[in-house]
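This report refers to the structure that appears directly beneath it.
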Amino acid sequence: MIYITGDTHNIEDMSNLSTDYLKWCCFVQNADYHDISYAIVLGDFGLPWFSCPVDENGIHPVEKTDRYLLKWYNNKPFKVLAVQGNHDNYDMIEKLPEVEMFGSTVLKVSENVFYLKRGEVYNIEEKRFLVLGGALSEDKMYRKIHESWWPQEQWSEEEEADCLEKIRTLGEIGGGQIDYVLSHTGPTKGIVLADSYYSNEEHQKELLKDSTVAFNDKIDSMISYKKWFFGHWHSDWDYVNHAISKYVPLYRNGVVL
């Protein structure tokens, strides 16, 4: 069983994946916590947050909060998979070793923790996921570049082109159906549901200042899928809305597949 939740922000919202909270979220969805095999965090995972040594086994934190958090995740009875957000240390992510998983490659944080790469398509438990990621940090003027903010949060033109080519190739071989999309920020149609401020068309234009939203909108117009899960907006719904909406914003709550 796959469990999907929102931003965890290093230790700040690590309780999103605490045993008690996972059990509660599973209970209200008539699911069994013990059936979780993979937990997916929709960006702003924040581990590692500080620079540290990396080798073929993953990271070796020297800062105490990162060290504590990695041990906490490594003790989970399921694997933790993270989408790349905007408040993530991309300098460290780029140093992570690549390993083969789910029909493609992932970035290894540890034996139990992995980053899903932007623009990749993964087959997890017979479900096909398109993974996007990133977002524009509106608070970057208050942060320090390559210490608490990383310009790689925005996709490069090469990354976008590679992602679009993968989608076109899937269509050409007759395998174009995506079951689920995972991203950090959403497409415009999803963000409008998460934040009523953007229900105004003039306000929606503000969203497109984020090239990631514009790219998500382009992807949204190209593919068919069942649901699009995204974080970033710190928005949670009740499980009735989770069930009926094509676009599902998540923060503290989690959805089981």
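The chain is numbered in sequence order, starting from 1. No experiment lies behind these values; they were computed from the predicted model shown.
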- Evaluate the criterion side-chain contact (heavy atoms from CB on, under 4.5 Å) for residue pair T5 and L42; output intermediate values, then yes/no. CA-CA 6 Å; T5 191; L42 296 171; over 6 Å; no

- Approximate separation, where rounding is to 0.5 Å, of T8 OG1 and D13 CG: 7.5 Å

- Query: Cut-off 3.5 Å, side chains only: do Q154 and D210 have a donor facing an acceptor?
  - Reply: yes

- Query: Can Y3 and D35 be counted as having a side-chain donor-acceptor contact under 3.5 angstrom?
  - Reply: no

- Message: Can a donor-acceptor pair be found, under 3.5 Å and without considering hydrogens, that links the side chain of N10 to the backbone of E12?
- Response: no

- Note on the structure: All heavy atoms of C52 vs all of I59, minimum pair found to be SG-CB, 3.8 Å

- Message: Count I, L, V, M, F, W, Y as connected when their side-chain heavy atoms are under 4.5 Å apart, and connections chain through other members. Are I11 and M92 then in the same cluster?
- Response: yes

- More than 12 non-hydrogen atoms from neighbouring residues, nucleotides or ligands closer than 6.0 Å to NZ on K71, yes or no? no

- Approximate separation, where rounding is to 0.5 Å, of K189 NZ and Y247 OH: 4.5 Å

- Query: Is there a side-chain contact between P61 and F50 (heavy atoms, below 4.5 Å)?
  - Reply: no

- Please lay out, stage by stage, how L22 and F78 fare under the test side-chain contact (heavy atoms from CB on, under 4.5 Å). CA-CA 12 Å; L22 285 170; F78 46 78; 3.6 Å; yes

- Message: Quick one: does any side-chain atom of Q29 pair with a main-chain N or O of A31 as donor and acceptor, under 3.5 Å?
- Response: no

- Task: May I ask you to check whether S37 and E125 show a side-chain donor-acceptor distance below 3.5 Å?
- Result: yes

- Message: I want to check a possible cation-pi pair here: K79 against Y73, using under 6.0 Å from ring centre and within 45° of the ring axis as the test.
- Response: no

- Query: Going by heavy atoms in the side chains, are I219 and P187 under 4.5 Å from each other?
  - Reply: no

- Task: Verify whether one side chain among S104 and K117 offers a donor that lies under 3.5 Å from an acceptor in the other.
- Result: no

- Message: Check whether N112 reaches the backbone of N75 with its side chain - one donor and one acceptor, N or O, closer than 3.5 Å.
- Response: no

- Query: Do L96 and L116 sit in the same hydrophobic cluster, where Ile, Leu, Val, Met, Phe, Trp and Tyr count as joined when their side-chain heavy atoms come under 4.5 Å apart?
  - Reply: no

- Message: Is it the case that the side chain of K226 and the backbone of K246 share a donor-acceptor pair, with hydrogens and angles ignored and the cut-off at 3.5 Å?
- Response: no

- Query: Taking 4.0 angstrom as the limit, do R143 and D139 come out as a salt bridge?
  - Reply: yes

- Query: Can you tell me how far the CG atom of L70 sits from the NE2 atom of H60, to the nearest 0.5 Å?
  - Reply: 9.5 Å

- Message: What I want to check is whether the side chains of S110 and N74 have a donor and an acceptor closer together than 3.5 Å.
- Response: yes

- Item | NZ/NE/NH1/NH2 to OD/OE distance under 4.0 Å, K127 and D179 | no

- Indicate yes or no: at least one non-hydrogen side-chain atom of F230 is less than 4.5 angstrom from one of L132. no

- Message: Within this structure, what is the CD-CH2 distance for the pair Q84 and W155, rounded to the nearest 0.5 Å?
- Response: 8.5 Å

- Task: Of all the heavy-atom pairs spanning Y90 and E153, show the shortest one and how long it is.
- Result: CE1-CA, 3.7 Å

- Message: I need the S51 OG to H146 NE2 distance, nearest 0.5 Å.
- Response: 11.0 Å

- Answer whether the closest heavy-atom distance between the side chains of T212 and L136 falls below 4.5 Å. no

- Query: So which heavy atom on C163 is nearest to which on L130, and how close?
  - Reply: SG-CD1, 4.4 Å

- Test item: side-chain donor near acceptor, D91 and Q152, under 3.5 Å: yes

- Message: Please check this pair: side chain of N253 against backbone of D236, looking for a donor-acceptor N/O pair closer than 3.5 Å.
- Response: no

- Task: Just do the side-chain contact (heavy atoms from CB on, under 4.5 Å) check on C26 and M1 with the steps written out, would you?
- Result: CA-CA 11 Å; C26 288; M1 185 173 74; 4.1 Å; yes

- Query: What pairs with E206 under side-chain contact (heavy atoms from CB on, under 4.5 Å), at least two apart in sequence or on another chain?
  - Reply: Y197, Y198, H203

- Query: Side chains of H184 and N86: does their closest heavy-atom pair fall under 4.5 Å?
  - Reply: yes

- Is the distance between the ring centroids of W49 and W149 under 6.0 Å? no

- Message: Taking Y251's backbone N and O only, do any of them form a donor-acceptor pair with N16's side chain (distance below 3.5 Å, no angle check)?
- Response: yes

- Do the side chains of S148 and K140 get nearer than 4.5 Å, heavy atoms only? no

- State plainly whether one hydrophobic cluster holds both W72 and V109, where clusters connect Ile, Leu, Val, Met, Phe, Trp and Tyr through side-chain heavy atoms under 4.5 angstrom apart. yes

- Message: If we ignore hydrogens and angles and just use 3.5 Å, is the side chain of R67 paired with the main-chain N or O of V62 as donor and acceptor?
- Response: yes

- Quick one: are the ring centres of H87 and H232 less than 6.0 Å apart? no

- Task: Apply side-chain contact (heavy atoms from CB on, under 4.5 Å) to the pair Y33 and C25, showing each step before the final yes or no.
- Result: CA-CA 9 Å; Y33 159 80; C25 288; over 6 Å; no

- Scan side-chain atoms only and decide if S156 and E158 contain a donor-acceptor pair under the 3.5 Å cut-off. no

- Task: Could you tell me whether the side chain of D195 reaches within less than 4.5 Å of the side chain of S235, counting heavy atoms only?
- Result: no

- Item | Ring centre gap for W228 and Y180 strictly below 6.0 Å | no

- Message: So that I know where these two stand, are Y38 and F102 an aromatic pair - ring centroids less than 6.0 Å apart?
- Response: yes

- Message: Can you give me the closest heavy-atom contact between I178 and V181, atom names plus distance?
- Response: CG2-CG2, 4.3 Å

- Item | Separation between CG of D44 and NE2 of H9, rounded to the nearest 0.5 Å | 4.0 Å

- Message: Using only atom types and a distance under 3.5 Å, with no angle test, would you say the side chain of S245 pairs donor to acceptor with the backbone of H242?
- Response: no

- E98/K108 ion pair, N-O < 4.0 Å: no

- Item | Common cluster, L182/L164, ILVMFWY with side-chain heavy-atom separation under 4.5 Å | no

- State whether the side chain of D217 and the backbone N or O of T188 hold a donor-acceptor pair below 3.5 Å, judged by distance alone. yes

- Query: What's the shortest heavy-atom distance between N216 and G186, and which atoms?
  - Reply: ND2-O, 3.2 Å

- Message: Given 3.5 Å as the limit, does a donor-acceptor pair link the side chain of K227 with the main chain of V248, or not?
- Response: no

- Kindly give the heavy-atom pair with the smallest separation between Y239 and G254, and that separation in Å. OH-O, 2.8 Å

- Is there side-chain contact between D7 and V41, with at least one heavy-atom pair below 4.5 Å? no

- Message: With clusters defined by side-chain heavy atoms of hydrophobic residues (ILVMFWY) lying less than 4.5 Å apart, directly or transitively, does V83 cluster with F114?
- Response: yes

- Message: Assess, by modelled atom type and distance only, whether the side chains of W150 and D88 contain a donor and an acceptor separated by less than 3.5 Å.
- Response: no

